[in-house]
Amino acid sequence: MAKPFASSADLGEKKRTLELLADGVYALTAEGDPNIGAIEGEDFVVCFEALATPVAAQEWIDLLREHTDKPITHLVLSHYHAVRVLGAAAYGAEHVIAHETTKKLIDERGQEDWDSEFGRMPRLFKEPESIPGLTHPTETFSGRHVIDLGGDRGNLVLEYCGRGHTAGDIVAWVEKPKVLFAGDLVEAEAALYTGDAFHWDWSGATLDRLKDYGAEFLIGGRGGVTRGREAVDGAIEQTREFIRVMIREVEAVHARGGTLKEAFDATHTALAPQFGHWPIFEHCLPFDVQRVWDELDGVDWPRVWTAERDREVWDQLQN
Ligand SMILES: [Zn+2]
């Protein structure tokens with residue numbers, strides 16, 4: 001029997017958990033669905049990530065409003081993917097901040113990505129007609145952007161750590177309580193989506209930089225909150241291991257002149273014992289293997305995923 005496409009058959013609601021990690025630092029996790037966060041300043045709130053639609057984002061804002069009524073003035077987008085950005089309108093934030101390459105990617109392929117992700121993960125698009133259009137950042141930066149939280153709250157540092165899950169991922173580092181919002185650069189017990197990734201950069205210098213923060217709390221793109229230095233390093237290394245196994249398996253098949261399907265099967269066999277039970281593993285793997293293969297072919301800038309290309313690769317590899 002054919003496997004249902006991507007996450008199209010995953011229709012069960014996930015339980016959401018809002019956690020207060022430190023004074024004014026909130027994480028909302030959802031059993032493997034995309035995570036989001038909020039950081040309180042003295043008289044404002046910064047939100048991290050926007051979910052897939054304004055209706056979905058509003059449900060999170062309603063939860064946050066049980067804890068603070070300060071105005072949400074800043075929305076930080078970790079990267080360009082639709083399920084992270086298209087809910088932005090709900091926040092009404094004056095400052096919508098992203099990396100300059102994220103802006104470029106939205107301009108270049110935002111609509112294609114919207115169509116692709118809607119097809120792959122329809123459940124995340126709660127009331128899709130509430131999306132007013134593509135989300136465009138109002139402010140961008142290339143290296144580091146610091147927001148003074150006011151009072152004695154210290155700084156919120158937004159930083160680019162190199163190419164990884166996409167060409168333009170940023171992290172949010174809450175200095176005082178040592179909380180790192182890592183976006184999709186790290187997943188805690190959820191499979192990695194790497195269809196737009198730079199596997200060699202990501203599994204090398206980029207993850208090294210994330211480790212250098214010495215975080216006490218890490219909130220990845222999906223999965224639960226990781227607490228304590230040792231566990232944080234463990235989550236980062238688990239992410240690195242997932243990528244390295246993919247590189248190793250795909251590279252071997254590519255080098256001997258094998259096929260993409262053979263590379264997929266070898267990678268699946270190698271990863272499944274450790275990672276196969278994680279959310280979205282089957283969904284992600286065809287797109288991930290295709291992108292490793294492309295990098296080995298010398299395709300530096302990721303090819304655009306369209307709803308049609310998604311189905312072609314899926315049918316070739318998962319059926
Ligand atoms: Zn992503």
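Counting convention: from 1, in listed order, for ligands and their atoms alike. Side chains are part of it too, since the values below use all heavy atoms of this structure and drop only hydrogens, waters and symmetry mates.
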Exercise answer: donor-acceptor pairs, residues 136-148 side-chain atoms, under 3.5 Å, sequence neighbours excluded:
from	atom 1	to	atom 2	distance (Å)
Thr138	OG1	Val96	N	2.8
Thr138	OG1	Val96	O	3.3
Glu139	OE2	His95	ND1	2.4
Arg144	NE	Glu159	OE2	3.3
Asp148	OD1	Gly150	N	2.8

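- Among the heteroatoms counted here (N, O or S) of His81, ND1 is the one nearest to the Zn ion (ligand 1).
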Atom pairs and distances, side-chain donor-acceptor, residues 42-57, under 3.5 Å, sequence neighbours left out:
from	atom 1	to	atom 2	distance (Å)
Glu42	OE1	Arg153	NE	2.7
Glu49	OE1	Ser78	N	3.2
Glu49	OE1	Ser78	OG	3.2
Glu49	OE2	Ser78	OG	2.7
Thr53	OG1	Val55	N	3.4
Thr53	OG1	Ala56	N	3.0
Thr53	OG1	Lys126	O	2.6

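- A cation-pi arrangement is absent between Arg309 and Trp314 under the rule of less than 6.0 angstrom and at most 45 degrees off the ring axis.
- A ring-centre distance under 6.0 Å is not found for His79 and His99.
- Between the Zn ion (ligand 1) and Asp184 there is an N/O/S contact shorter than 2.8 Å.
- The N, O or S atom of His79 lying closest to the Zn ion (ligand 1) is NE2.
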